[in-house]
Amino acid sequence: MTELLNNFITDIIDDDIKNNKSKSFINTRFPPEPNGYLHIGHAKSIFLNYGIAKQYKGSCNLRFDDTNPTKESMDYINSIIDDVKWLVGIKNIGKILYASDYFDRMYELAIELINQNLAYVDDQNIDDIKKNRGDYNIQGIESPYRNRSIEENIKLFKNMKNGMYQDGEKVLRAKIDMNAKNINLRDPIMYRILHAHHPRTGNEWCIYPMYDWAHGIEDSIEKITHSICTLEFEDHRPLYDWFLEKLKIHHPKQIEFAKLSMTYTLFSKRNLLKLVDNNIVDGWDDPRMPTISGLRRRGYTAKAIKNFVLSLGVAKREAISDFNHLEYYLREDLNSISYRKMVVLDPVKLIIENYNEEESEFLEAENNPENSSYGSRMIPFSKELYIERNDFMENAPKKFFRLSVGREVRLKHAYYITCTGFKTDETGKLVEITCTYDPSTKGGWSNDGRKVRGTIHWVSAKDCLNAEIRIYNRLFNIERPTLDNIHLDSKTIITNAKIEPSLVEVDFNQKYQFLRLGYFVFDKESNENNLIFNQSVALRNNWK
RNA sequence: UGGGGGAUCGUUCAAUGGUAGGACACAUGGUUUUGGUCCAUGGAAUCGGGGUUCGACUCCCUGUCCCCCAGCCA
């Protein structure tokens, strides 16, 4: 995790420092709009911006781009703060800043631009503005209000601010070039009238700055040196530069990179919002969602997400990352930190014929074979156990290393057993397996050189607890989905899982590996009477 | 049919005029009280066509394909 960021952006920064275009302290920012929850695509931007600032001994702050009150809310602001804290650590988050704190300054600078005769109030309605903007092939037409006097523009702009007009009645536009090939430069709108309640400034303002006008000023005020954003803003860079140049204020360098996309997932807030609103998922933090809060509930760690996005690198080429790649880093982290437990998802009784019914004993089980400091626990063993239904096969092929009549397997941490028979009900369903155990193999080992290829997990029938276990699958069934490709079986709920008694205590911070099955965490809906687990990811499995 | 960007193993990122390399995925073998982990090995790529050069993923010309842009969203 200490690896150095080395990509085309750090190359640019290195050049800028070498050519004295920039100080060696590099300041960045993570500037989300609070109009939805953060997803793993944002995590890439977060680790890039915070990582660069750290690497170049500068600062990185969380700044909310809260310039559109019609889409934003405190709920989103709070969720974003929680997510960034969780990802980068509470002490590394930097300052929490808001574009709305700069509204006064932006207003002053707009007046300044009007005074330079570089901005004007336009009375055209939305349709006329659109029509007169032209398109790729058609030149724009200058607004009839474009050449108002500076004094009149100042007066009208103040009136706009003071609430003398209705929404949409007037806008403030920059006076650039209606024939520019880049349509963003055809007199872009700087302010629109919005009589809306802002989550932070309330009803103080009824004019709100547009992104292009606001963003560069925000960066400038914060002394950002390199303003990193995604590819779709490339066309906006000339405008970013134009405003800062005319204003003669600190001018950060905007650099664009390709955002993250992943197979089997949808990223746009528009689509994620639909999944939530249409109840396809159970909220923004549904464990199937690619949101930070969803991944966290699913049992992902910040470290796994960080290692994943860092492994991806940074480039301008648009790329779709493989979901497997993310899961690899999750397993890598979870393998080293999770507590091993034995849990049976689809239980079937196993009776040990030569084990005394009254007897019972405790066997020692290591908590993490990767790390002995995790210690061990004692688990109860008795005559009747539960094992996994699919660990038995009536007519087993040679390579089936588990239970079948006459075959010997190891019960993990316990004994070798040999299957003696099985019972089915009238429908042919397996209801009970019988076996004998070898008392000399306590702990699951013998020194006689016996080869026991298979090892299966189990729980003691009279000691185990019941739990609900939620298994998740991809939300979409094709690699590059649209909302039409919802995977209908993306969630399976198992209500009668049998779990070892050491899991009785609900601990939301702990990661578990259920032996031979996968990684699991307690779901937030768990309580001491209702143990609920989410599967984070299954173990890799080469069998079948 | 305007403007802006991009094209390297299946996927993703390197190589900045000098042996195309890593990770994931896949395959094979080894270790193993998890068919996990770990270890080893293997297959696998420079979008096409010209040119410059002793030498081109890299520079030049040309073609093709992909992405973004016509919100009072960000």
Side-chain angles (χ1 to χ4, degrees), chain A residues 6-7 11 31-33 35 65-68 70-72 122 124-126 129-131 133-140 167-173 180-186 188-194 207-208 210-212 214-215 229-238 256 258 263 269-270 308 310-329 331-332 335-336 340 342 365-366 369-370 399-402 409-414 416 441 443-446 452-457 479 513-519 538-544:
Chain A
N6 183 12
N7 52 54
D11 288 346
E33 184 191 10
N35 67 342
D65 226 343
D66 54 346
T67 57
N68 183 0
T70 65
K71 291 187 175 174
E72 299 157 7
D122 194 348
Q124 292 183 104
N125 65 36
I126 191 166
I129 287 179
K130 200 173 286 199
K131 194 175 72 200
R133 184 151 40 217
D135 65 24
Y136 303 144
N137 302 308
I138 300 170
Q139 294 189 359
D167 288 5
E169 205 176 321
K170 285 180 170 45
V171 290
L172 184 73
R173 300 179 73 175
K181 286 177 174 170
N182 180 342
I183 293 174
N184 293 131
L185 261 17
R186 319 247 260 229
I189 292 168
M190 294 164 59
Y191 277 96
R192 75 284 213 188
I193 299 170
L194 244 33
I207 57 170
Y208 289 93
M210 296 285 288
Y211 169 86
D212 287 305
H215 203 85
C229 62
T230 46
L231 249 28
E232 66 268 28
F233 292 102
E234 278 178 320
D235 285 345
H236 294 250
R237 185 172 1 110
E256 310 86 11
T263 55
K269 287 184 190 162
R270 196 185 111 256
F308 167 69
L310 291 183
S311 79
L312 261 23
V314 181
K316 295 197 81 147
R317 161 185 1 154
E318 287 173 358
I320 300 179
S321 299
D322 198 329
F323 203 95
N324 290 322
H325 200 71
L326 207 210
E327 292 186 330
Y328 169 82
Y329 286 100
R331 290 192 185 100
E332 182 188 52
N335 179 53
S336 66
R340 271 57 174 176
M342 291 207 283
E366 62 188 347
E370 308 294 316
K399 291 230 166 180
F400 185 77
F401 303 138
R402 306 173 225 171
V409 303
R410 168 169 36 239
L411 292 176
K412 179 78 176 174
H413 303 309
Y416 293 174
T441 58
W445 184 250
S446 67
V452 177
R453 187 70 171 78
T455 301
I456 65 176
H457 59 278
E479 282 197 2
Q513 185 198 96
F514 294 172
L515 238 50
R516 303 208 300 135
L517 297 173
Y519 296 98
L539 248 33
R540 282 181 43 156
N541 185 0
N542 292 323
W543 167 251
K544 57 186 168 180

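What you see is a predicted model; the values in this text were computed from it and never measured. By convention in this document, chain letters (A, B, ...) are assigned in the order of the sequence lines, proteins followed by strands, and residues within each chain are numbered from 1.
When heavy atoms are screened at a 4.0 angstrom cut-off, V452(A) is found touching no nucleic acid atom at all. Among the atoms of the strands shown, base atoms are found under 4.0 Å from some heavy atom of R516(A).
Rounding to whole angstrom units, NZ of residue K316(A) and C1' of rC13(B) are separated by 17 Å. Atoms CD (Q124(A)) and C1' (rG71(B)) sit 16 Å apart, rounded to a whole Å. Between N542(A) atom CG and rU28(B) atom C1' there is a gap of 12 Å when expressed in whole angstrom units. Distance N184(A) CG to rC69(B) P: 10 Å, rounded to the nearest Å.
In the interface, the side chain of D235(A) is paired with the base of rG3(B) through a donor and an acceptor atom under 3.5 Å apart. The base of rU34(B) sits within donor-acceptor range of the side chain of Q513(A), with an N or O pair under 3.5 Å. Residue Y136(A) places a side-chain atom within donor-acceptor reach of the base of rC69(B), judged by atom type and a 3.5 Å distance cut-off alone. For a distance-only test at 3.5 Å, the side chain of R402(A) qualifies as a donor-acceptor partner of the base of rG35(B). With hydrogens and angles ignored, no donor-acceptor pair under 3.5 angstrom links the side chain of E234(A) to the base of rG6(B).
Contact check, R192(A) against rC73(B): a side-chain N or O comes under 4.0 Å of OP1 or OP2. Look at R317(A) and you won't find any side-chain N or O under 4.0 angstrom from OP1 or OP2 of rC57(B). Distances shorter than 4.0 Å separate none of the side-chain N or O atoms of T455(A) from OP1 or OP2 on rU32(B). For rG35(B), the OP1/OP2 oxygens have no side-chain nitrogen or oxygen of R540(A) closer than 4.0 Å. At rU32(B), none of the side-chain N or O atoms of R453(A) fall inside 4.0 Å of OP1 or OP2 (strictly under the cut-off).
Mapped onto RNA chain B by nearest heavy atom, N7(A) and D322(A) fall at different nucleotides, with D322(A) at the one closer to the 5' end.
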